[in-house]
2 protein chains.
Amino acid sequence: MLEKLIEHIKKFLPIAEEDVPVVLSFFQEATVKKKENVQEADKVCKQHYFVTKGCLRMFFVNEKGIEQTTYFALENWWITDYLSFQTGQPAEYTIQAIEPSEVISISAEKQEALLQQFPQMERYFRIIFQRSTAAAQRRLKLLYQLTREELYLAFSKQYPEFVQRIPQYLLASFLGFTPEYLSELRKKMVLKQV
Amino acid sequence: MLEKLIEHIKKFLPIAEEDVPVVLSFFQEATVKKKENVQEADKVCKQHYFVTKGCLRMFFVNEKGIEQTTYFALENWWITDYLSFQTGQPAEYTIQAIEPSEVISISAEKQEALLQQFPQMERYFRIIFQRSTAAAQRRLKLLYQLTREELYLAFSKQYPEFVQRIPQYLLASFLGFTPEYLSELRKKMVLKQV
DNA sequence: CGGATCGTTGATCAACTTCAACGGTCGTGG
DNA sequence: CCACGACCGTTGAAGTTGATCAACGATCCG
């Protein structure tokens, strides 16, 4: 399973075979059950997670007590509450598996130690975060320019298999509307196709 | 003016004095007039901008022909259309000065060359992008959890001087609503205070 | 001084939420 | 293996939020 991470790193930079076990020694593996939290809100987020199997979601609980999902992480995606991870403040987000999953993680301290010992890993994380920044810009553009209905269409088109894979109420939350409204949208779309 | 960039880099890592001029030789300076574009939509975004003075905004034009502003960049902030910058595709965003400004910039090619020659700069950009990722998470949380009115209040509270500094229609656009509605919100708030 | 730009106002309208209720399905315990 | 409860998706009515459009005043700047 750790192999998955090495493969991912190798996509972005060369890494000497003899360094592989040393690099990997900074990380730990975990199996996560469905609905299990890897990170609880209000606790400091100590780990940075790399998903090797399954799917995680990140959510916060709003004033009405509703879980608002804002991120999903699939295989080969990094995820964490970066604000808490960086500053050591309590996290605002909970991170939960929505399927039986497998993750690799590294603590903030170990990540820093890894970067000290293997400065070339700065490049790996620089690229990861640069891509994340680009993805955030793209997502924000969609959020600003599309109606909820168009958002649903765009997302369904880009991730058709994923839409099948997750419960509708999570998708509705992620897209920023209610499950009832998603239900209405789906009905409308079926009618149009007939 | 280039001094501002060096100061910023030094906040995150040590840099030998003799390296300073070499590092700086990768960058270029520019003065930008109010309303001048440093980046046009549909052209490939070749530069990564660091603002040393003034303020830039990033926007796209939606289907109704309205300029939708999604980012501001103040002093010591990096900004660009990262998707275009990374992939070489045409940009979706325009980047424009909203005040007379001064920027330092570096092309994608030169940034790569800089990182090859000074690998410690990977750390600098890793930190910049990691913070940017954290900021994006924070912003997304606010967008999902607050009403438009609360967004305006929160933003006014966090950046009171900035709200004074920019035209209201830009602020309304950034917060995701119309200038007319912002006007209504402001009226409502004044009435409450009386 | 004159035109363009910006903020405001009010009426109407569309998008989306809220709430309550119902039916289907899935998983768990007996 | 069945029965029960919890969870999930759906439906429809009523209510909010915020958009749209058109018009007007103020201000800025050349």
Side-chain angles (χ1 to χ4, degrees), chain A residues 33-36 55 57 59 61-69 96-100 142-156 162-194, chain B residues 33-36 55 57 59 61-70 72 96-100 142-156 162-194:
Chain A
K33 289 180 202 148
K34 188 173 171 172
K35 301 239 171 185
E36 186 183 336
C55 181
R57 71 173 175 127
F59 68 89
V61 178
N62 68 20
E63 56 292 338
K64 291 171 200 145
I66 307 227
E67 295 179 355
Q68 181 66 58
T69 296
Q96 185 181 77
I98 63 178
E99 299 173 358
L142 292 177
L143 274 177
Y144 274 88
Q145 86 177 332
L146 302 185
T147 64
R148 304 297 161 95
E149 178 169 0
E150 291 167 333
L151 261 187
Y152 171 62
L153 282 169
F155 192 83
S156 301
F162 185 65
V163 169
Q164 302 300 329
R165 192 169 156 188
I166 60 167
Q168 284 189 35
Y169 69 95
L170 288 185
L171 179 61
S173 174
F174 177 78
L175 295 175
F177 47 77
T178 59
E180 291 93 331
Y181 189 60
L182 176 53
S183 189
E184 208 169 298
L185 287 180
R186 286 166 56 85
K187 188 170 70 171
K188 204 159 81 178
M189 290 177 53
V190 171
L191 290 178
K192 270 188 194 166
Q193 286 178 357
V194 175
Chain B
K33 290 180 199 148
K34 187 173 172 173
K35 301 239 170 186
E36 186 183 337
C55 180
R57 71 173 174 127
F59 67 89
V61 178
N62 68 19
E63 55 293 337
K64 291 170 201 147
I66 306 224
E67 293 180 356
Q68 180 66 58
T69 296
T70 54
F72 294 112
Q96 185 181 77
I98 64 179
E99 296 174 358
L142 293 177
L143 274 177
Y144 273 88
Q145 86 177 332
L146 301 184
T147 64
R148 303 298 159 98
E149 178 168 2
E150 290 167 333
L151 260 187
Y152 171 63
L153 282 170
F155 192 82
S156 302
F162 184 65
V163 169
Q164 302 301 330
R165 191 168 156 189
I166 59 168
Q168 283 188 36
Y169 69 95
L170 287 185
L171 179 61
S173 174
F174 177 77
L175 295 175
F177 47 76
T178 59
E180 291 94 331
Y181 189 61
L182 177 52
S183 187
E184 207 170 298
L185 286 181
R186 286 166 56 87
K187 188 170 71 170
K188 205 159 83 179
M189 290 177 52
V190 171
L191 289 178
K192 270 187 193 167
Q193 284 178 357
V194 177

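Here is the naming used below: chain letters follow the sequence lines, and residue numbers restart at 1 for every chain. Any value given below was found using the heavy atoms of this structure, including those in side chains, with hydrogens, waters and symmetry copies removed.
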Measure the [atom1]-[atom2] distance between [X] and [Y] for me, rounded to the nearest 0.5 Å.
X: Ser183(B); Y: Phe177(B); atom1: OG; atom2: CZ; result: 11.0 Å
X: Thr147(A); Y: Leu153(A); atom1: OG1; atom2: CG; result: 8.0 Å
X: Thr69(A); Y: Ile98(A); atom1: OG1; atom2: CD1; result: 8.0 Å

- Option among Arg165(B), Arg57(B), Lys35(B) that satisfies the salt bridge (Lys or Arg N to Asp or Glu O under 4.0 Å) test with Glu99(B): Arg165(B)
- Task: Find which nucleotide of DNA chain D each of Tyr181(B) and Lys34(B) is nearest to by heavy atoms, and output the residue with the more 5' nucleotide.
- Result: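 The residue closer to the strand's 5' end, by nearest nucleotide, is Tyr181(B).
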- Task: Starting from the 5' end of DNA chain D, give me the residue, Ile166(A) or Thr178(B), whose nearest nucleotide shows up first.
- Result: Ile166(A)
Take atom [atom1] of [X] and atom [atom2] of [N], then tell me their distance rounded to the nearest Å.
X: Lys188(B); N: dT9(C); atom1: NZ; atom2: P; value: 14 Å
X: Gln168(A); N: dT10(D); atom1: CD; atom2: C1'; value: 9 Å
X: Ile66(B); N: dC6(C); atom1: CD1; atom2: P; value: 13 Å
X: Leu182(B); N: dT9(C); atom1: CG; atom2: C1'; value: 14 Å
X: Phe177(B); N: dG7(C); atom1: CZ; atom2: C1'; value: 14 Å
X: Leu170(A); N: dG9(D); atom1: CG; atom2: C1'; value: 13 Å
X: Asn62(A); N: dT18(C); atom1: CG; atom2: C1'; value: 14 Å
X: Ile98(A); N: dC8(D); atom1: CD1; atom2: P; value: 12 Å

- Message: Using the side-chain heavy atoms of Pro167(B), tell me which of these nucleotides is nearest: dG7(C), dT17(C), dG18(D).
- Response: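 The closest nucleotide is dG7(C).
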- Between Arg148(A) and Glu180(A), the residue closer to the 5' end of DNA chain C by nearest nucleotide is Arg148(A)
- Sugar-phosphate only, base, or nothing, as touched by Tyr169(A) at under 4.0 Å among non-hydrogen atoms: sugar-phosphate
- Task: Determine the contact category for Glu184(B): base if any of its heavy atoms lies under 4.0 Å from a base atom, sugar-phosphate if only primed atoms, P, OP1 or OP2 are that close, otherwise nothing.
- Result: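 Contact class for Glu184(B): none.
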- Mutual orientation of the aromatic rings belonging to Phe174(B) and Phe155(B) [parallel < 30°, tilted 30-60°, perpendicular > 60°]: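 Aromatic pair Phe174(B)/Phe155(B) classed tilted.
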- Query: Counting just side-chain N and O atoms, does Lys187(A) come under 4.0 Å of either OP1 or OP2 of dG12(D)?
  - Reply: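 Answer is yes, contact under 4.0 Å.
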- Item | Lys35(B) side-chain N/O to dT5(C) phosphate OP1/OP2 under 4.0 Å | no
